[in-house]
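Notes follow the structure.
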Amino acid sequence: MDLRHLLFTLALICANDSLSASDDLLQRPQISKCRSPEMETFSCFWTAGNFYNLTVPRILQLLYKKSNEEDWKECPDYITSGHNSCYFNASYTSVWTPYCVQLASKNEIHDKKCFSVDEIVLPDPPVHLNWTLLNTSQTGIYGDIQLKPRLSTMAPLYSLKTARDYEIRIRSRQRTSEKFGEFSEILYVSFSQIGIGCDHCTEEVEFPWFLVVVFGVCGLAVTVISIMLSKQPRLKMLIFPPVPVPKIKGIDPDLLKKGKLDEVNSILACHDSYKTQLYSDDLWVEFIELDIEDPDEKNRASDTDRLLSEDHLKSHNCLGVKDDDSGRASCCEPDIPETDFSASDTCDATSDSDQFKKATEKEEDLLCLDRQDNDESLASTDPQSWHRNTPSENSLLWAPFGDSVESPRPSVHTQISNQNSLTSNDFYAQVSDITPAGRVVLSPGQKSKLGRAQHEGCTEQNFTVDNTYFCEADVKKCIAVTSHEENEPHVQEQVYNEDGYFTTESLTTTVANFGAPTAAPPSSETPVADYTSIHIVQSPQGLVLNATALPVPDKEFNVSCGYVSTDQLNKIMP
Amino acid sequence: MLLTKEGVTSLPICPNGSVNCQLSLEELFDRAVKLSHYIHFLSSEMFNEFDERYAQGRGFIAKAVNSCHTASLTTPEDKEQAQQIHHEDLLNLILGVLRSWNDPLVHLASEVQRIKEAPETILWKAVEIEEQNKRLLEGMEKIVGRVQSGEVENDIYTPWDGLPSLQLADEDSRLFAFYNLLHCLRRDSHKIDNYLKVLKCRLIHDNNC
């Protein structure tokens with residue numbers, strides 16, 4: 001079959017190879033070379049090979065023939081040139097006449113060569129070398145010599161160092177030929193022999209290439225290392241430009257490296273595209289199922305007490321958000337202006353508006369709900385509910401909230417969109433109040449908000465807008481008129497987890513857009529100061545700002561929502 | 001590769017500037033030897049380049065020297081014969097060989113340019129050899145005029161009929177013709193160089209070279 005054929009072929013090939021190899025072992029007699037040293041005589045040399053049995057004497061003949069002759073003649077001299085050679089003296093040598101020689105034994109021709117004598121000229125090595133000094137340099141360091149072979153042309157050697165001894169060998173070739181003859185015997189040249197040895201000559205220092213290379217490499221390495229470790233970013237960037245790393249806007253790569261998926265999720269939740277499938281609108285509805293009963297619950301307990309009792313007031317994710325490039329800042333602090341996020345690490349500027357929109361949405365809902373929830377939860381189960389807001393639930397709550405933001409309630413949505421156009425970016429926010437739950441309320445006022453602030457439930461707007469800031473008191477009026485919609489405690493928890501504080505902006509939006517049955521405005525109609533003074537510095541837990549809750553009989557205080565000086569405050573303080 | 005003329009400098013014909021000056025025979029021989037040496041050097045180089053470029057793998061073996069068109073001229077075949085021949089005869093032979101190569105060299109210079117992708121060095125050498133051969137011929141005629149007492153015999157001449165072979169359509173045949181022509185040129189230029197050196201040694205230095 002095929003395998004057999006293959007094997008057979010392989011066997012044949014191997015056999016052939018072995019046969020050819022064996023042929024190579026049997027070397028036939030062959031003419032190795034023919035050479036003329038001076039173009040007057042020539043010799044041919046051959047190798048006998050091992051073709052014949054050693055017992056049978058082999059008789060090899062060298063036959064030659066000139067081109068203009070017809071008969072082959074035998075070598076005239078087998079001896080002069082040595083063993084296995086044939087020497088043709090001058091009488092047998094015709095220079096430009098082509099010759100053919102062949103190596104034969106009896107009737108068998110082993111090898112044949114054709115040539116002309118002028119083509120096989122290979123001079124003998126020069127003999128009887130002698131040398132003479134031509135001249136020396138002015139400094140005596142260098143000297144020129146002339147080599148004098150007996151029957152050859154003289155050969156000069158230039159720029160030999162007189163302080164050194166030399167061994168010289170010469171070989172020669174025909175000028176129009178490329179092949180050189182053999183090297184001659186060694187000729188020893190020493191300048192001291194003829195008395196011109198340079199005793200005062202110092203040994204010439206050769207260029208220390210090795211040292212140069214070593215030091216050059218070391219210097220280069222040191223330079224590179226110093227640049228790498230240099231604290232000058234300019235130089236470093238000039239020579240070693242930083243390799244751009246892929247960056248997702250709003251995402252800090254370090255977060256991904258460290259595996260802080262929670263934080264990454266929080267950042268991604270800012271973006272529209274990030275949606276988790278786990279949470280649906282139902283959860284949102286779930287979260288907002290809170291009973292909002294008494295807007296006056298806030299006044300049940302002093303803010304201070306509430307605040308101080310909340311020893312677990314801690315800043316969770318967004319509360320303690322640092323101003324790093326994690327991207328969360330823009331999501332978690334909607335009061336911070338969008339344009340402030342010039343760094344690409346934070347949430348996209350383009351998405352900031354949406355983000356703010358969502359933030360305001362959530363702020364609006366949560367704020368109003370929160371307030372009512374605050375009032376009731378604080379009275380009852382506030383510590384417990386707060387404790388429920390363990391950080392461990394933050395991640396869980398954050399994600400659904402993020403999703404829930406995108407499913408706004410229809411009653412608010414359109415209003416939110418209107419409101420957003422009026423929102424401005426404030427770089428600074430005043431702390432106007434601390435909510436009972438311990439939230440810090442900021443008050444960046446805005447004129448433009450006034451326009452749309454008119455809404456049901458907040459009809460009696462007396463926003464004193466002397467600057468861009470609202471007075472919180474006015475805002476609170478609206479807040480008090482909020483809906484009766486139920487909120488879930490979870491929402492409140494979410495709010496706590498997300499933000500460290502609300503802004504008055506959000507308050508205004510909430511106020512403006514919250515369609516709700518009007519309720520009695522809060523008892524306090526006193527305008528809210530833009531700045532609040534420190535009321536109590538009681539504990540390490542913080543300051544209590546409480547300018548708004550105090551009765552302000554002072555007219556000047558009522559009129560202006562400006563900064564309340566300490567004198568004024570002293571008057572006010574009971 | 002730019003090849004400089006070895007030892008062939010443009011010596012002034014009359015260094016003194018006089019009109020009727022004559023170069024000595026020694027100077028004439030010196031120039032002749034230098035030219036012949038240079039021509040042989042160019043021929044040898046040209047043959048080697050051609051052999052390397054076109055003859056490898058084609059199995060060209062130089063035909064017997066009888067195929068050279070100058071083979072009919074009986075020239076000395078060794079040093080001894082060269083020393084024995086009369087210098088005038090030798091000079092005439094040299095002239096005859098030089099004249100016989102005049103025509104082939106002209107055609108060689110023109111036909112070698114038609115070889116496909118001929119190297120520039122071969123083309124240049126062919127032109128240079130033709131030019132130098134003319135100069136050597138002039139010099140030798142002067143030498144012969146100086147040396148010979150009688151009339152100069154110009155009958156030593158071999159015509160060349162190898163032009164059709166250089167124009168064959170078949171490339172292999174054409175290249176083989178070039179190969180043989182260059183081989184003959186190398187051989188003959190070597191002959192002339194040696195003859196002139198022997199003559200110079202004999203006539204100028206009295207065989208004390």
Side-chain angles (χ1 to χ4, degrees), chain A residues 31 34-43 64-73 76-77 87-102 111-124 148-154 156 172-180, chain B residues 3 6-7 33-34 36-49 51-52 59-68 70-85 93-94 97 125 129 180 182-195 197-198 209:
Chain A
I31 299 168
C34 289
R35 170 178 166 260
S36 170
E38 73 286 85
M39 216 162 68
E40 295 179 25
T41 65
F42 72 98
S43 303
Y64 74 95
K65 185 167 82 76
K66 291 186 183 179
S67 62
N68 53 2
E69 294 171 355
E70 295 178 1
D71 300 327
W72 288 90
K73 299 173 187 175
D77 188 346
Y87 174 72
F88 297 85
N89 59 21
S91 61
Y92 290 97
T93 305
S94 299
V95 178
W96 293 281
T97 306
Y99 279 81
C100 282
V101 294
Q102 62 182 19
D111 197 5
K112 184 180 178 182
K113 260 193 179 164
C114 291
F115 55 88
S116 62
V117 178
D118 58 307
E119 295 170 354
I120 58 170
V121 175
L122 206 63
D124 287 331
K148 280 178 151 185
R150 189 165 70 87
L151 293 175
S152 302
T153 55
M154 293 184 289
S172 61
R173 69 175 172 97
Q174 198 182 26
R175 196 184 294 259
T176 54
S177 172
E178 292 180 353
K179 292 182 182 177
F180 276 97
Chain B
L3 188 69
E6 278 190 7
V33 167
K34 283 177 182 174
S36 65
H37 185 86
Y38 181 52
I39 289 168
H40 173 60
F41 176 76
L42 288 176
S43 307
S44 183
E45 291 274 304
M46 193 167 158
F47 175 79
N48 291 335
E49 286 176 19
D51 182 41
E52 194 177 318
F60 287 167
I61 298 175
K63 291 180 193 172
V65 179
N66 292 337
S67 65
C68 289
T70 54
S72 60
L73 298 175
T74 308
T75 54
E77 289 295 314
D78 57 22
K79 182 180 176 182
E80 190 178 342
Q81 288 181 14
Q83 286 175 337
Q84 287 173 358
I85 192 171
L93 278 173
I94 290 169
V97 172
K125 286 187 178 75
I129 290 170
N180 282 308
L182 291 174
H183 187 263
C184 291
L185 177 62
R186 184 178 74 163
R187 187 182 81 108
D188 285 352
S189 63
H190 195 220
K191 272 189 186 178
I192 290 168
D193 188 41
N194 278 275
Y195 296 159
K197 284 173 181 172
V198 167
C209 304

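Below, read A as the first sequence line, B as the second, and so on, with proteins coming before strands; counting in each chain starts at 1. Side chains included, hydrogens not; waters and symmetry mates left out as well; all remaining heavy atoms used. These numbers come from a predicted model, not from an experiment.
- At most 12 non-hydrogen atoms from other residues, nucleotides or ligands lie less than 6.0 angstrom from NZ of B/K79.
- Under a 4.0 Å N-O distance rule, the pair A/K66/B/E77 does not qualify as a salt bridge.
- Only the side chain of A/Q174 has a heavy atom closer than 4.5 Å to any heavy atom of chain B.
- Within 6.0 Å of the CD atom in B/Q83, the count of heavy atoms belonging to other residues, nucleotides or ligands exceeds 12.
- Taking CD from A/E178 and CD from B/E45, the interatomic distance works out to 7.0 Å, rounded to the nearest 0.5 Å.
- B/R186 is listed as a side-chain neighbour of A/E119, based on a closest heavy-atom distance under 4.5 Å.
- Note that CG of A/D118 and NE2 of B/H40 are 7.5 Å apart. Values are rounded to the nearest 0.5 Å.
- Considering CD of B/Q81 and OG of A/S94, their distance stands at 6.0 Å, rounded to 0.5 Å.
- The CZ atom of B/R187 lies 9.0 Å from the CH2 atom of A/W96; values are rounded to the nearest 0.5 Å.
- Comparing B/D188, B/N48, B/N194 by heavy-atom pairs within less than 4.5 Å of chain A, the highest count is held by B/N194.
- At a threshold of 4.5 Å between non-hydrogen side-chain atoms, the residues A/V95 and B/D78 count as touching.
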